[in-house]
Amino acid sequence: MIDILAGLNLAQKEAVEVISGPLLILAGPGSGKTRVIIQRIGYLIKVCGVSPYRIMAVTFTNKAAREMKERLLGLVSGSMVDLTMGTFHAICARIMRRDGKAISVDSNFVIYDDNDQIGLIKNAIKQIGLDPKQYAPRAIASAISAAKNAMLTPQEYSQHSGSYFEEVVGRVYERYQQLLKGNNALDFDDLLMKTVQLFKTNPEMLSRYQSRYQHILVDEFQDTNLVQYELVKLLAGKFRNICVVGDPDQSIYSWRSADLRNILNFEKDYPDAKVVVLEQNYRSTKMILDTASSLISANQQRKHRELWTDNEAGELTTVVETYNEQEEAQFVLNEIERLVEQDHLSLADCAVMYRTNVQSRVLEEAFLRYGVPYKLVASMRFYERREVKDIIAYLRLIQNPYDNVSLLRVINVPGRGIGQRSLIQLNDWAKLMGVSQYESLRLLYEDKVDNKPPFAPRIIKVLTSFLQMFNGFVTRSRELDVVSLLDLLIEDTGYHDYVLKQDNGEERWENILELRTVAQQFQDLVPPDGLAAFLEEIALVSNIDGLDENGGGVTLITLHQAKGLEFPVVFIVGVEEGILPHYRSLDDQSQMEEERRLCYVGITRAKQRVYLIHAFRRNRMGSSVLNKPSRFLGDIPRHLVTGNGLWRGEDNQITSNLRRWDEPQMSKTMLLELTAGDHVHHTQFGDGTIVSCQSAGDDEEVVVAFKGTGIKKLLLSFAKLEKVEPVVNND
């Protein structure tokens, strides 16, 4: 018999065994919180006799939910099919499909992703008489999302609007919701907001769910927003057995409306809450923990803890200054090569993290140039590839024929000779009759229209032919499993031949086959349940859900996306003022603290080594600028770091092995005299030839062609070039 409490430390055991009432688990990075959550669920089921049907566990990603369920099956015998586990969005989607009709949400709704949402908002902007080029759809989408996360309807938002932009947002918001309803669609924020509306307007239904969920667990509670907190509070209203797990020091999603106050004020909302602190770290070395703790201690909005570990002391944190972003990428490559050769690490053991996506470009170029395998997280997601979205749009339309967005995507794919003008006419004609575009096609086919159709006879024939084919798919969807339906769709539309004629056709076809592989997971479900489950699963997948941490290349990833991951070696690049911390946070103390938490998250992903890298000069927004090192480097005591970069010295000032930033550079008379054609040697780049020299204030900027590493721009005061005699070949 498996001992549920085996392998837990004292604090972890306490977190598992406290069963009744509110519980706050403050879990530091690498403290085994996932293990605690799994064993707590196992303890409830195996020791306390709680049915899995009575438990809800909310995770931050679908990947985490899958891993937890797999590990739970190894801990507790019996089926876990009745256990409710998943992200807030996934759980709310199931609730809305089951009971959304109580607030007029059809159970066949489709879930619109980011691209669908932006397209619909552009449409809404046009329909209220404005220009999408003048009013940025993404800015409006962000404002609408914030309104929904604050549980504001379009009417409530408009009542509180205080500027012209907010007045525009209110009008677009109202039209956008009308378009969503007309398409029988919900966006991600609707899944949450409408579930709360469902419970608040239907007390009996809320009571039914409250009675079912005797125990509720929420992971990553520091990243919940207002509507998520309200949902949890409603569901836990009867039994109050609410366990939340989180770390205020890792709250990094305020831009998604995450509210740090949810975890900081939990004890105020639940005065009888038990608090358990997990401080022992199982991931990182002592040096890494000391570095991270020194950094985060500068924040005010936090709960003080003392992280500790029984792991080895480990290596000092390496702080490196490079000349520019190209040299930064070169250093990362060289150091990874050294670690692989000397320390016998693999490429997959290394991750390069950065504050903004744009920083990945130079890194990618360097990895490609030297043929080093890498995985770029947040490149084009699999489900955003054109051919994949085409097939998904067909399937979404089969599930919900009133989805105008999907219909417009596929009605001429593969090409049927329906031009943009005909599509505009179809849209306008459907609006004139007050029906969906699918319904207008049906009326056209049955010749039951009072308004004369605006199409040429050839277009009418093509449109009605498409409708006949599509209706056949709808009929067969009630009989076929999702894989067979997908195969029928590809065959009858001719999509296989169509995609092979595109650029990279074989690769695109392989993506379709990969989509088919995903569909096989739902093949055993009774039609049409398999189609609905398949579409819901792929709509809710996140960027890191498919990340293979044991793959064969170096991981390139933003600091935000690195949350929840771990690697033996972490490089954080761009540790400079204006990048990390981001320039938008410089005048906002609350945002500055979040930037520091973001840096903290990056450092604590590392098991063995951390590199913090900053560049003297960097191209930003089209121009080359001199960058100061990040203030966060000044939070790290000097005895914890090594390298040529900057840290806080004895006088509490940021200093450097290379130069003092508050002192002038060496005068030109002290610089090495070089001219075009001179041969030089650099300790990192090797031998090279001077291409050009030009004045740069009190310095000289030289362009050097290095053998093997290409052209580099360097400052003489920094580069430490050595003039050498050319090698003469006497053969």
Side-chain angles (χ1 to χ4, degrees), residues 27-30 60-61 220-225 246-264 281 283-284 288-289 291-303 305 307 317 319 328 351-360 363 377-378 542-544 547 555-567 569-606 610-615 618 620 627-636:
F60 195 65
T61 65
E220 304 289 2
F221 193 68
Q222 77 280 349
D223 292 322
T224 54
N225 58 32
D247 180 4
D249 289 340
Q250 298 187 69
S251 179
I252 58 174
Y253 294 110
S254 66
W255 50 279
R256 290 183 185 169
S257 300
D259 195 334
L260 178 61
R261 293 172 297 182
N262 288 350
I263 191 167
L264 293 177
N281 179 286
R283 176 189 299 154
S284 306
I288 292 173
L289 277 191
T291 297
S293 297
S294 299
L295 171 74
I296 202 64
S297 64
N299 273 5
Q300 301 299 313
Q301 298 183 75
R302 62 186 304 263
K303 289 179 177 287
R305 287 160 303 145
L307 300 181
T317 296
V319 181
E328 179 180 65
V352 187
M353 302 178 185
Y354 35 84
R355 175 63 177 83
T356 60
N357 276 305
V358 71
Q359 292 171 258
S360 71
L363 292 163
V377 182
S542 74
N543 281 349
I544 67 169
L547 176 63
T555 297
L556 306 184
I557 189 170
T558 68
L559 287 162
H560 281 103
Q561 290 166 325
K563 178 79 175 296
L565 304 178
E566 59 180 37
F567 302 89
V569 180
V570 167
F571 296 83
I572 303 179
V573 297
V575 189
E576 300 150 25
E577 289 292 295
I579 297 178
L580 183 66
H582 197 272
Y583 68 89
R584 285 196 295 263
S585 69
L586 299 180
D587 297 323
D588 186 322
Q589 181 60 31
S590 177
Q591 289 299 308
M592 181 60 68
E593 292 206 356
E594 178 156 328
E595 292 290 305
R596 185 177 279 106
R597 292 194 294 268
L598 189 58
C599 188
Y600 173 82
V601 165
I603 291 172
T604 55
R605 300 310 92 199
V610 172
Y611 295 82
L612 304 177
I613 310 168
H614 58 94
R618 187 179 298 272
R620 291 176 59 192
N627 280 349
K628 289 186 177 181
S630 171
R631 67 189 69 190
F632 299 155
L633 295 171
D635 296 325
I636 305 172

Subject >> Which residues share a side-chain hydrogen bond (donor to acceptor under 3.5 Å, both in side chains) with N281, sequence neighbours left out >> reply: none

Original post:
In terms of side-chain heavy atoms, does Q250 have a donor or acceptor partner in D247 at a distance below 3.5 Å?
Top reply: yes

Subject >> Check: Q222/E220 side-chain N/O donor and acceptor closer than 3.5 Å >> reply: yes

pair [X]-[Y]: side-chain heavy atoms closer than 4.5 Å:
X: K303; Y: I263; value: no
X: I603; Y: I288; value: yes
X: L565; Y: T555; value: no

Subject >> Heavy atoms of other groups near R302 CZ, more than 12 under 6.0 Å >> reply: yes

In Å and rounded to the nearest 0.5 Å, what is the [atom1] to [atom2] distance from [X] to [Y]?
X: L556; Y: F571; atom1: CG; atom2: CZ; value: 11.5 Å
X: L598; Y: Q591; atom1: CG; atom2: CD; value: 11.0 Å
X: N357; Y: Q561; atom1: CG; atom2: CD; value: 6.0 Å
X: L260; Y: F221; atom1: CG; atom2: CZ; value: 11.0 Å

Can any side-chain N or O of [X] pair as donor or acceptor with the backbone N or O of [Y] at less than 3.5 Å?
X: R597; Y: S251; value: yes
X: S284; Y: L289; value: no
X: Q301; Y: S590; value: no
X: S630; Y: L580; value: yes
X: E594; Y: S254; value: yes
X: N262; Y: T224; value: yes
X: E328; Y: G574; value: yes
X: E595; Y: H582; value: yes
X: N299; Y: E593; value: yes
X: Y354; Y: I557; value: yes

Can you name the closest pair of heavy atoms from [X] and [Y] and give their distance?
X: T604; Y: A292; value: CG2-CB, 3.6 Å
X: A615; Y: E576; value: N-OE2, 2.6 Å
X: L363; Y: Q359; value: CD1-O, 3.7 Å
X: L307; Y: P29; value: CD1-CD, 4.0 Å
X: D249; Y: Y600; value: O-CD2, 3.4 Å
X: P581; Y: R631; value: CG-NE, 4.0 Å

Original post:
Under 30°, 30 to 60°, or over 60°: which ring-plane class applies to W255 and H560, parallel, tilted or perpendicular?
Top reply: perpendicular

Original post:
Given I252 and L559, is the side-chain contact (heavy atoms from CB on, under 4.5 Å) satisfied, shown in steps?
Top reply: CA-CA 9 Å; I252 58 174; L559 287 162; over 6 Å; no

Subject >> Worked check of side-chain contact (heavy atoms from CB on, under 4.5 Å) between H614 and V319 >> reply: CA-CA 8 Å; H614 58 94; V319 181; 4.3 Å; yes

Subject >> Evaluation steps, side-chain contact (heavy atoms from CB on, under 4.5 Å), between V573 and V352 >> reply: CA-CA 7 Å; V573 297; V352 187; 4.0 Å; yes

